[in-house]
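Note that these values count all heavy atoms, side chains included, but never hydrogens, waters or copies made by symmetry. Here the structure is a predicted model, which is why all the values come from computation and not from measurement. Note that the numbering runs from 1 along the sequence shown for the chain.
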Amino acid sequence: QVQLVESGGDSVQAGGSLRLSCEASGLEFSNYCMTWNRQAPGKERELVARIDPDDDITFYADPVKGRFTFSLDDTKHMMYLQMNRLNPEDSALYYCAADLAVGHIPCPRSVADWHYWGQGTQVTVSS
């Protein structure tokens with residue numbers, strides 16, 4: 001049974017940094033697509049970053065490119081989102097998610113297609 005548990009959310013000043021963690025159980029990163037997503041109040045859930053095990057390429061959404069870094073630690077079954085130079089627009093509930101990778105089929109491109117989700121961790125950035 002796949003379980004994902006996020007932690008690390010906090011309130012910070014603009015320009016600050018946070019590292020989010022996601023403890024993943026019941027899966028091996030080599031067999032799963034992994035992603036970080038976020039949802040701000042009144043807005044749709046959106047992709048932040050995605051790792052595809054087939055090509056090991058990390059994709060970042062434009063608003064976070066160059067500021068956020070997505071990493072995996074296979075030995076600890078942990079995934080991380082290092083967030084630097086935070087701004088108020090980054091305030092949201094952040095979720096990790098996973099979906100079984102199938103051969104060379106690309107990881108899901110729609111947030112709605114990911115099967116396994118954590119409960120979320122809140123990030124609040126004040127100006």
Side-chain angles (χ1 to χ4, degrees):
Q1 181 181 359
V2 175
Q3 288 189 316
L4 303 170
V5 180
E6 303 96 336
S7 61
D10 206 345
S11 296
V12 296
Q13 296 279 340
S17 297
L18 279 176
R19 188 178 81 157
L20 304 183
S21 301
C22 175
E23 182 176 3
S25 58
L27 61 82
E28 295 292 333
F29 289 142
S30 59
N31 296 327
Y32 279 77
C33 301
M34 306 299 299
T35 184
W36 283 99
N37 299 269
R38 66 187 182 185
Q39 188 167 17
K43 295 187 177 181
E44 293 186 354
R45 194 171 297 189
E46 62 178 6
L47 171 75
V48 174
R50 179 185 66 238
I51 289 179
D52 188 330
D54 189 45
D55 54 22
D56 207 26
I57 291 176
T58 305
F59 171 83
Y60 293 96
D62 285 344
V64 308
K65 202 173 293 184
R67 299 188 297 123
F68 290 13
T69 303
F70 184 2
S71 61
L72 303 176
D73 185 329
D74 290 331
T75 60
K76 296 181 180 178
H77 287 87
M78 297 290 293
M79 50 192 275
Y80 304 101
L81 185 68
Q82 177 65 43
M83 306 186 296
N84 298 327
R85 304 199 312 274
L86 286 161
N87 59 63
E89 290 69 39
D90 296 317
S91 296
L93 193 58
Y94 282 72
Y95 299 89
C96 57
D99 204 69
L100 183 65
V102 181
H104 298 296
I105 298 175
C107 294
R109 295 298 188 257
S110 171
V111 169
D113 292 335
W114 291 79
H115 283 88
Y116 304 103
W117 291 85
Q119 82 289 348
T121 186
Q122 180 67 43
V123 173
T124 303
V125 184
S126 57
S127 57

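Grouping the Ile, Leu, Val, Met, Phe, Trp and Tyr side chains by contacts below 4.5 angstrom, directly or via other members, places Met78 apart from Val2. Val12 is connected to Leu20 through a chain of hydrophobic side-chain contacts under 4.5 Å among Ile, Leu, Val, Met, Phe, Trp and Tyr, so both are in one cluster. A continuous path of hydrophobic side-chain contacts links Leu27 to Met79 [ILVMFWY only; heavy atoms under 4.5 Å].
Among residues two or more places apart in sequence or in another chain, the side chain to side chain contact (heavy atoms under 4.5 Å, CB included) test is passed with Lys65 by Tyr60, Asp62. By the side chain to side chain contact (heavy atoms under 4.5 Å, CB included) test, Asp55 pairs with Asp52, Ile57, sequence neighbours left out. Residues passing the side chain to side chain contact (heavy atoms under 4.5 Å, CB included) test with Gln119 are Val5, Glu6, sequence neighbours excluded. By the side chain to side chain contact (heavy atoms under 4.5 Å, CB included) test, Thr75 pairs with Asp73, sequence neighbours left out.
To the nearest 0.5 Å, atoms CG (Asp10) and CZ (Arg19) are separated by 14.0 Å. Within the model, atoms SG of Cys33 and CG of Leu100 stand 8.0 Å from one another, a figure rounded to the nearest 0.5 Å. To the nearest 0.5 Å, atoms OH (Tyr116) and CD (Gln1) are separated by 9.0 Å. Atom-to-atom distance recorded for Trp36:CH2 and Thr58:OG1 is 13.5 Å, nearest 0.5 angstrom. Expressed to the nearest 0.5 Å, how far OG1 of Thr35 lies from CG of Leu4 amounts to 11.0 Å.
When hydrophobic residues (I, L, V, M, F, W, Y) are linked wherever their side-chain heavy atoms come within less than 4.5 Å, the members clustered with Phe59 are Leu47. Chaining together hydrophobic side chains whose heavy atoms lie under 4.5 Å apart places Trp117 alongside Leu93, Tyr95, Val111, Trp114.
For the pair Ser127 and Gln13, the tightest heavy-atom approach, listed with the atom from each and the gap, is O-OE1, 3.8 Å. For Ala49 against Phe70, the heavy-atom pair with the smallest separation is CB-CD2, 3.7 Å. Smallest separation of non-hydrogen atoms from Gly8 and Leu18: O-CD2, 4.0 Å.
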Return all side-chain donor-acceptor pairs below 3.5 angstrom for residues 82-89, not counting sequence neighbours, or 'none' if the list is empty.
unit_1	atom_1	unit_2	atom_2	d
Gln82	NE2	Asn84	OD1	2.9
Asn84	OD1	Ser17	OG	3.0
Asn87	OD1	Glu89	N	3.0
Asn87	OD1	Asp90	N	3.4

Taking only distance into account, with no hydrogens and no angle test, what donor-acceptor pairs under 3.5 Å do side-chain atoms of residues 101-108 form with protein atoms, sequence neighbours excluded?
unit_1	atom_1	unit_2	atom_2	d
His104	ND1	Asp54	OD1	3.0
His104	ND1	Asp54	OD2	3.0

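Residue pairs meeting the salt bridge (charged side-chain N to carboxylate O under 4.0 Å, His left out) criterion with at least one member in residues 39-49, sequence neighbours excluded: Arg38-Glu46. Screening residues 24-33 for side chain to side chain donor-acceptor pair (under 3.5 Å), with sequence neighbours left out, gives no hits. Listed by first and then second residue, the salt bridge (charged side-chain N to carboxylate O under 4.0 Å, His left out) pairs involving residues 99-111 amount to none (not counting sequence neighbours). The disulfide (SG to SG under 2.5 Å) pairs that include a residue from residues 43-84 number zero, where partners must be two or more places apart or lie in different chains.
The main-chain N or O of Val125 is found under 3.5 Å from a side-chain atom of Ser91 such that the two form a donor-acceptor pair.
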